[in-house]
Each structure stands twice: as C-alpha cells, then as structure tokens.
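Notes follow the structure.
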Amino acid sequence: MQTVLTDEKDERFIKLVDELDRGYYERIGEELSKYDDYNEFTKPHVVLLAVISNEAVACASYRVFDEDTVEFKRVYVKKEFRKKGIAYTLIRQLEKRVINDNFKYSIIVTGANNNPAIMLYEKLDYHLTDSFGQFVDDESVICMKKEF
C-alpha cells in the first residue's frame, strides 16, 4: 500500500466519498440530507489516499476548524479492504502533519450507532466531547476530540 497526499478536488477522493455517502444513505436514508451542507467541500481539505495496485481504496481528510483545531472527515475504506488497519494508518499519518502544523486538537463527528468508527477513534485516543455547532441536541451523532 502506498499513500498519496492530495486535496478535496482529487477525483479519486471524490469517487470514494460518493461511495461512502451512498452507503450511508442506504443504511440511514434521507435523514442524512440534513448534513449535506456540513459535508460540502467549501473549505480546503488535506486528503490522504491509500492506493493499492493503482486503485484508491481508502481515504481520510481534515480541514481547519479553528486556529487550534482540525476536524477529521470523510474517513472511508472500501469494504473488501477493511479490518487491515488502513484507516488507522491514514489518520495517524495525517495527525503527524497536524502536530507539525502546531494544531492542539482534533475533532471528529460520527454516527452514534457507527460502532466500528467509534472503536477506531477510541483506539486512536479520541474521547467523547460536548457536541458543537449544528450537532448540539442531535442524538444521531457523537462528537469526539483528541488533544495532541
């Protein structure tokens, strides 16, 4: 596996995000549309792709949330490549960049019932935190935070 550093405009990333979103909509339904604006790529993202045999099989990204904090977003691994530590590796590599850029915190929002993601983030030392922004009083998601 090789990793490729890119941005939110990379067509390989866009394709993986489309696949991620389709899976969410199949499982959860139209309720997800309330997050469409939040998940738009209106702010620049630092993106890391996992590439195997010239195919992008996974992605993770972050965007600046405030002067001290980044938000990890769009963490996805194609089904046939899961449970191999790829998402863990991508996030760890991106965290090194975040630390080098002197950010103090990282936050992640995920589905309250997305147990595989929650377990991954806990393994990466993220902890539950107060909900923020549009997620306050939204019981369908949880917010997690990590201090570097």
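Bear in mind that the values here come from a model prediction, so they are computed numbers and not experimental data.
- Distance check, rounded to the nearest 0.5 Å: CG of N113 to OG of S140 gives 8.5 Å.
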Verify side-chain contact (heavy atoms from CB on, under 4.5 Å) between T110 and I142, making sure each step is shown before the conclusion. CA-CA 6 Å; T110 193; I142 61 167; 3.8 Å; yes
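- The shortest heavy-atom contact between Y121 and M144 is CB-SD, 3.8 Å.
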Does the side-chain hydrogen bond (donor to acceptor under 3.5 Å, both in side chains) test come out yes or no for T3 and Q93, once each step is laid out? CA-CA 9 Å; T3 57; Q93 286 184 18; 3.2 Å; yes
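- Taken from CG in L48 to CD1 in I86, the straight-line distance is 11.5 Å, to the nearest 0.5 Å.
- Contact between Q134 and D138 at its shortest, heavy atoms only, is O-CB, 4.4 Å.
- The minimum heavy-atom distance between I118 and A112, with the atom names listed, is CD1-O, 3.6 Å.
- The NZ atom of K96 sits 13.5 Å away from atom CD1 of I91, with the distance rounded to the nearest 0.5 Å.
- Residues D7 and V46 form no side-chain contact, since every pair of their non-hydrogen atoms from C-beta on lies 4.5 Å or further apart.
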Can F13 and R74 be said to form a side-chain contact (heavy atoms from CB on, under 4.5 Å), step by step? CA-CA 9 Å; F13 176 63; R74 316 321 274 161; 3.9 Å; yes
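- Looking at every heavy atom in both residues, A87 comes nearest to L120 through CB-CD2, 3.7 Å.
- Other residues, nucleotides and ligands contribute at most 12 non-hydrogen atoms within 6.0 Å of the CD atom of E67.
- I52 is not listed as a side-chain neighbour of Q2, based on a closest heavy-atom distance of 4.5 Å or more.
- Environment of CG in D101: crowded, with over 12 heavy atoms of neighbouring residues, nucleotides or ligands closer than 6.0 Å.
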Checking side-chain contact (heavy atoms from CB on, under 4.5 Å) for the pair V47/K9: CA distance, chi angles, key distance, verdict? CA-CA 9 Å; V47 174; K9 297 174 187 131; over 6 Å; no
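- Cluster membership check: I107 shares its hydrophobic cluster with F135, using side-chain heavy-atom separations under 4.5 Å among Ile, Leu, Val, Met, Phe, Trp and Tyr.
- In this structure, Y105 and D66 have side chains that are not in contact, with every pair of non-hydrogen atoms separated by 4.5 Å or more.
- With contacts defined as side-chain heavy-atom distances shorter than 4.5 Å, the pair F65/V70 does not qualify.
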Step by step, would you call K73 with R63 a side-chain contact (heavy atoms from CB on, under 4.5 Å)? CA-CA 8 Å; K73 296 190 61 64; R63 64 182 178 188; 3.5 Å; yes
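- Interatomic distance, CG of N102 versus CZ of F148, reported as 11.5 Å (0.5 Å rounding).
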Tell me, with the steps shown, if E19 and K78 meet salt bridge (charged side-chain N to carboxylate O under 4.0 Å, His left out). CA-CA 8 Å; E19 194 173 309; K78 287 180 167 242; 3.4 Å; yes
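- For K145 and Y126, the positive end is not near the middle of the six-membered ring at less than 6.0 Å and at most 45° from its axis.
- Side-chain contact between V57 and V51 is absent, with no heavy-atom pair separated by less than 4.5 Å.
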Before you tell me yes or no, could you show the steps for E95 and K146 under salt bridge (charged side-chain N to carboxylate O under 4.0 Å, His left out), namely the whole-Å CA-CA distance, both residues' side-chain angles and the distance that decides it to 0.1 Å? CA-CA 10 Å; E95 285 178 341; K146 179 176 183 174; 3.1 Å; yes
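- At a threshold of 4.5 Å between non-hydrogen side-chain atoms, the residues S61 and F72 do not count as touching.
- No continuous path of hydrophobic side-chain contacts links I14 to L20 [ILVMFWY only; heavy atoms under 4.5 Å].
- Proximity of F103 to T69: side-chain heavy atoms (C-beta onward) are nowhere separated by under 4.5 Å.
- Here the closest non-hydrogen pair linking A60 and L94 is O-CD1, 3.5 Å.
- Using modelled atom types, one finds no donor on one side chain facing an acceptor on the other under 3.5 Å when comparing Y62 with E71.
- Side chains of L49 and L16 form a contact here, defined as non-hydrogen atoms less than 4.5 Å apart.
- In this structure, the separation between OG on S106 and CG on D125 is 11.5 Å, given to the nearest 0.5 Å.
- Of all heavy-atom pairs spanning S131 and C143, the tightest one is CA-SG, 3.6 Å.
- Taking CD from E147 and CG from D68, the interatomic distance works out to 10.0 Å, rounded to the nearest 0.5 Å.
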List the steps, then state whether salt bridge (charged side-chain N to carboxylate O under 4.0 Å, His left out) holds for R12 with E55. CA-CA 9 Å; R12 298 168 295 180; E55 177 189 3; over 6 Å; no
